[in-house]
Amino acid sequence: MTRAYDKFFLPNVRENMGFAVDFAVNGCSVSADSFYDFFIASKVASQLENGSPHFVCGCSGTELALTVFERVGYEAKSEGEPFSFLENFVRFDRSPEYWAGWILAFYQWNTQISFSKIREYIAFSEIVRMYHPLHEAPEEKFLDVMNGIIKEKSLQKQTNLHRLRKNAGLTQKELSELSGVNLRTLQQYEIGAKDINRASGESINALARALKCNFYDVMELDLKE
């Protein structure tokens, strides 16, 4: 799987995501879901997941949050007063909101599912509520839980790949053999546990040839955006 930035930068991204959410919710009294909506609408989410150097390693978590607020026209406030860019928001503990931002950055990097696509399956406030007991569990446990949620909800929403394979009368194993795409990977693309839009061009093209369809038919393109 092609990733937008190297694993070396992941700890920094996770920390910044955690601080950004914590700052927005506990420093500026913005709801977790509202901030996540701002995060996506501002295009900071898409720039981060696509490896923008500024958001991957060129700013702090507080600066990330303030950039989100600025882009959507929201005036961040603290205790009823406009929040100064130079004022520091300091916490010595790690809140559930911090953990939710921190672990979500880990999930997005590992699966390459876009932040906006993740929101289609689960509200950010639901991730915050997973703090107990998952914050003490291995990170892979969160991956399993999230993949389970996405798999369950995907059963109610067919992906293009699933629809095309069914129309072609192929089993997953047959499509894997025809395309050369690993069976497990194909299954994850089909249920949305991995974002097929981030698959290599070679893999998408191989699936399209096997299914006798257009390259873009295999992808999950939101034409409304």
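- Of the possible donor and acceptor atoms, none in the side chain of Ser52 sits under 3.5 Å from a partner among the backbone N and O of Leu48.
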Ile204 and Tyr216: CA distance, side-chain angles, deciding distance, side chain to side chain contact (heavy atoms under 4.5 Å, CB included) verdict: CA-CA 8 Å; Ile204 296 175; Tyr216 294 104; over 6 Å; no
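- Taking the charged nitrogens against the carboxylate oxygens, Asp37 and Arg119 do have a contact shorter than 4.0 Å, which makes a salt bridge.
- Two residues are said to be in side-chain contact when any heavy atoms from C-beta on lie closer than 4.5 Å; Phe142 and Ile127 meet this criterion.
- Glu139 has its side chain within reach of Ile103: a pair of non-hydrogen atoms, C-beta onward, lies under 4.5 Å apart.
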Determine, stepwise, if the pair Trp99 / Met130 fulfils side chain to side chain contact (heavy atoms under 4.5 Å, CB included). CA-CA 9 Å; Trp99 174 83; Met130 291 181 188; 3.9 Å; yes
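- In this structure, the side chain of Glu136 does not engage the main chain of Pro133 through any donor-acceptor pair within 3.5 Å.
- The side-chain hydrogen bond (donor to acceptor under 3.5 Å, both in side chains) with Glu190 is formed by just one residue from the set Gln172, Gln158, Arg163; it is Gln172.
- Side-chain contact between Ser176 and Val181 is absent, with no heavy-atom pair separated by less than 4.5 Å.
- Under the 30°/60° scheme for interplanar angles, the aromatic rings of Phe19 and Tyr98 are found to stand perpendicular.
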Show your working on side chain to side chain contact (heavy atoms under 4.5 Å, CB included) between Val13 and Gln108 and close with a plain yes or no. CA-CA 11 Å; Val13 172; Gln108 192 282 319; over 6 Å; no
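- Contact record, Ala20 with Ala65: O-CB, 3.8 Å, taken as the closest heavy-atom pair.
- Val30 is not listed as a side-chain neighbour of Val25, based on a closest heavy-atom distance of 4.5 Å or more.
- By the 4.5 Å heavy-atom criterion applied to side chains, Ile191 and Thr159 are not counted as neighbours.
- The nearest pair of heavy atoms linking Asn16 to Cys59 is ND2-O, 2.8 Å.
- How far CG of Leu66 is from OG of Ser60: 8.0 Å, rounded to the nearest 0.5 Å.
- Judged as a ring pair (Phe, Tyr, Trp, His ring centres under 6.0 Å), and not counting sequence neighbours, the contacts of Tyr36 are Phe39, Phe124.
- Among residues two or more places apart in sequence or in another chain, the ring pair (Phe, Tyr, Trp, His ring centres under 6.0 Å) test is passed with His54 by none.
- Taken from CG in Asn26 to OG in Ser95, the straight-line distance is 5.0 Å, to the nearest 0.5 Å.
- Contact of the Glu202 side chain with the Asn205 side chain is not registered, since no non-hydrogen atoms from C-beta on lie closer than 4.5 Å.
- Of the N and O atoms on the side chains of Asn147 and Tyr107, at least one donor lies less than 3.5 Å from an acceptor on the other residue.
- Qualifying side-chain contact (heavy atoms from CB on, under 4.5 Å) partners for Tyr121, counting only residues two or more places apart in sequence or in other chains: Lys117, Ile150, Lys153, Ser154.
- Linking ILVMFWY residues whenever their side-chain heavy atoms come closer than 4.5 Å, directly or via other members, places Ile196 and Phe215 in the same cluster.
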Asn160 vs Met219, test: side chain to side chain contact (heavy atoms under 4.5 Å, CB included). Steps then yes/no. CA-CA 7 Å; Asn160 290 336; Met219 302 174 71; 5.9 Å; no
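- Side-chain contact between Glu49 and Phe115: present, with at least one pair of heavy atoms (C-beta onward) separated by less than 4.5 Å.
- For Phe106, there are no ring pair (Phe, Tyr, Trp, His ring centres under 6.0 Å) partners, not counting sequence neighbours.
- For the pair Arg3 and Trp109, the distance from NZ or CZ to the six-membered ring centre is under 6.0 Å and the angle to the ring normal is within 45 degrees.
- Val21 places none of its side-chain heavy atoms less than 4.5 Å from the side chain of Val128.
- Note that SG of Cys57 and CG of Asp6 are 11.0 Å apart. Values are rounded to the nearest 0.5 Å.
- Taking CD of Gln187 as the start and OG1 of Thr185 as the end, the distance is 9.0 Å to the nearest 0.5 Å.
- In this view, Cys213 and Leu164, Ala208, Leu211, Asp217, Val218 satisfy the side-chain contact (heavy atoms from CB on, under 4.5 Å) rule, not counting sequence neighbours.
- With sequence neighbours excluded, the residues that form a side-chain contact (heavy atoms from CB on, under 4.5 Å) with Asp195 are Ile113, Ser114, Asn197, Arg198.
- The line from CG of Asn167 to CZ of Arg165 is 10.5 Å long, rounded to the nearest 0.5 Å.
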